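Single-structure report; data block below.
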Amino acid sequence: MKHLKNILALIGLVVVVGSLIFAVQSTPKNQDIKERGPSPDKNVSNGYLISAIDIPENLNFAGEPVPLEDPEIMERVDREFLVNTYWQSNALLLMKRAHKYFPIIEPILAKNGIPDDFKYLAVAESGLQNAVSPAGAKGFWQIMKGTGKEYGLEINENVDERYHLEKATEVACRYLKKWKDRFGNWTLTAAAYNAGPSGIRKYMRIQKADDYYDLLLGEETGRYVFRIMAIKEIVSNPEKYGFQVQKDDFYNAVPTFSVEVDSSVTSWADFAHLYEINYKILKRHNPWLREPHLNNSSGKKYIIEIPNKGYYRETGSGR
């Protein structure tokens with residue numbers, strides 16, 4: 001019993017001494033933070049400090065100014081800046097993906113005369129992923145099946161070109177141009193992309209208003225354009241909003257070369273092995289291929305993207 005008491009006393013002494021050492025080591029760091037105080041720019045902090053967001057005075061969508069002098073509008077803008085700034089993991093992912101996919105989207109928008117801001121509409125729609133909505137909209141641009149077919153996309157069991165980024169972006173451009181001609185401005189056009197043109201026209205007719213900022217819309221569409229503007233500002237100016245992102249942090253596109261296919265393919269897995277990649281990598285670069293095979297009785301020409309060697313580990317036959 002005597003030995004047990006001695007052991008317990010020794011353990012107690014070690015705990016006390018350890019606590020004192022930890023306290024001494026911690027003090028300079030905490031004191032240093034206290035002495036530095038908050039960063040002069042309240043949107044950026046040396047520690048993890050949460051603050052209100054300074055809204056840019058010249059906020060606009062596709063060159064169309066936002067009436068920030070209206071307090072109701074200002075509150076709605078502020079909400080989206082706060083939500084999207086402090087959802088840090090999502091914002092970082094959007095920045096990383098934007099670096100990979102914006103170079104594909106931007107020239108297609110420019111060629112079709114669509115303002116560059118609409119690349120952020122794709123971010124708001126899908127997070128730059130091949131998402132599927134509960135209503136069945138698919139791809140980066142969340143295109144419905146009927147709309148896709150109307151604008152010439154191939155959609156069947158084997159192929160769904162809503163997942164083809166370049167072709168889907170072309171369709172989105174044509175759709176946006178059509179409704180810009182009808183609504184007269186890009187802000188209502190963006191809202192119509194979300195709620196549907198008929199839905200926006202119904203709101204306009206009932207409320208006798210023809211400006212997005214004057215309409216009382218559903219929750220999602222009412223936030224939609226403000227969310228796009230907040231995402232644009234944060235992704236374009238990450239440091240201003242406290243994000244420390246280095247060049248090496250971004251995702252990059254893997255360069256590819258094209259292979260033409262004008263016949264049926266019984267196994268895309270076997271096809272992939274011919275180029276020393278696997279089925280997963282083939283689908284990663286050609287997500288519009290929806291089945292493990294291709295029924296191509298008509299002899300239609302398809303362009304398959306194959307990644308250059310050296311970016312993925314080489315794959316054998318798999319047998």
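Predicted, not measured: the structure shown is a model, and the values here were computed from it.
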If we ignore hydrogens and angles and just use 3.5 Å, is the side chain of [X] paired with the main-chain N or O of [Y] as donor and acceptor?
X: Q142; Y: G139; answer: yes
X: T189; Y: N185; answer: yes
X: Y203; Y: S198; answer: no
X: S126; Y: N130; answer: no
X: E260; Y: I303; answer: no
X: N295; Y: H293; answer: no
X: N156; Y: N158; answer: yes
X: N112; Y: I108; answer: yes
X: Y120; Y: V235; answer: no
X: T85; Y: F81; answer: yes

Which residues satisfy the side-chain contact (heavy atoms from CB on, under 4.5 Å) test with N237, sequence neighbours excluded?
E233, K240, Y241
Assess the residue pair E125 and N194 against the criterion (side-chain contact (heavy atoms from CB on, under 4.5 Å)); give the C-alpha distance rounded to whole Å, side-chain angles, the decisive distance to 0.1 Å, and a yes or no.
CA-CA 8 Å; E125 283 288 330; N194 178 255; 4.0 Å; yes
How close do [X] and [Y] get, heavy atom to heavy atom, and via which atoms?
X: D117; Y: K232; value: OD2-NZ, 3.0 Å
X: A192; Y: Y175; value: O-OH, 4.2 Å
X: R227; Y: A124; value: NH1-O, 2.9 Å
X: M229; Y: L59; value: SD-CG, 4.1 Å
X: L109; Y: C173; value: CD2-SG, 3.6 Å
X: A230; Y: N84; value: CB-ND2, 4.2 Å

So for atom [atom1], which belongs to [X], do other residues, nucleotides or ligands contribute more than 12 heavy atoms lying within a distance under 6.0 Å?
X: K202; atom1: NZ; value: no
X: E157; atom1: CD; value: no
X: K280; atom1: NZ; value: no
X: Y311; atom1: OH; value: no

For the hydrophobic clusters of this structure (ILVMFWY residues joined by side-chain heavy atoms under 4.5 Å, transitively), does one cluster hold both [X] and [Y]?
X: V259; Y: L274; answer: yes
X: L128; Y: W87; answer: no
X: V254; Y: I306; answer: yes
X: M144; Y: Y151; answer: no
X: L94; Y: V245; answer: yes

Please give the remaining members of the hydrophobic cluster of Y251, linking ILVMFWY side chains under 4.5 Å, ordered by chain and number.
L93
Starting from I206 and following side-chain heavy-atom contacts under 4.5 Å between hydrophobic residues (I, L, V, M, F, W, Y), which residues can be reached?
none
Write out all pairs satisfying side-chain hydrogen bond (donor to acceptor under 3.5 Å, both in side chains) with one or both partners inside residues 71-81, taking only residues at least two apart or from two chains.
E72-R76, R79-E219, E80-R223
Contact between [X] and [Y] at the side-chain level, heavy atoms closer than 4.5 Å - yes or no?
X: L282; Y: N286; result: yes
X: E150; Y: V171; result: no
X: I143; Y: K138; result: no
X: I55; Y: M74; result: yes

On the 0 to 90° scale, with breaks at 30° and 60°, tag the F271-W268 ring pair as parallel, tilted or perpendicular.
perpendicular
Results of ring-ring contact (aromatic ring centres under 6.0 Å, His included) for [X] - residues two or more places apart only:
X: F257; answer: none
X: Y279; answer: none
X: W186; answer: F118

The criterion is side chain to side chain donor-acceptor pair (under 3.5 Å); which residues satisfy it with E106, sequence neighbours excluded?
K119
Taking salt bridge (charged side-chain N to carboxylate O under 4.0 Å, His left out) as the test, write out the residues that go with [X], two or more places apart.
X: R97; result: none
X: K283; result: none
X: K145; result: none
X: R162; result: D160

With a 6.0 Å cut-off on the ring centroids, do F140 and H164 count as close?
no
Please say which of L188, T187, D70 ends up in a side chain to side chain contact (heavy atoms under 4.5 Å, CB included) with Y213.
T187
Between S263 and N296: side-chain donor-acceptor atoms closer than 3.5 Å
no
With E154 as reference, evaluate K300, K149, K167 under the salt bridge (charged side-chain N to carboxylate O under 4.0 Å, His left out) test and give the passing residue.
K300
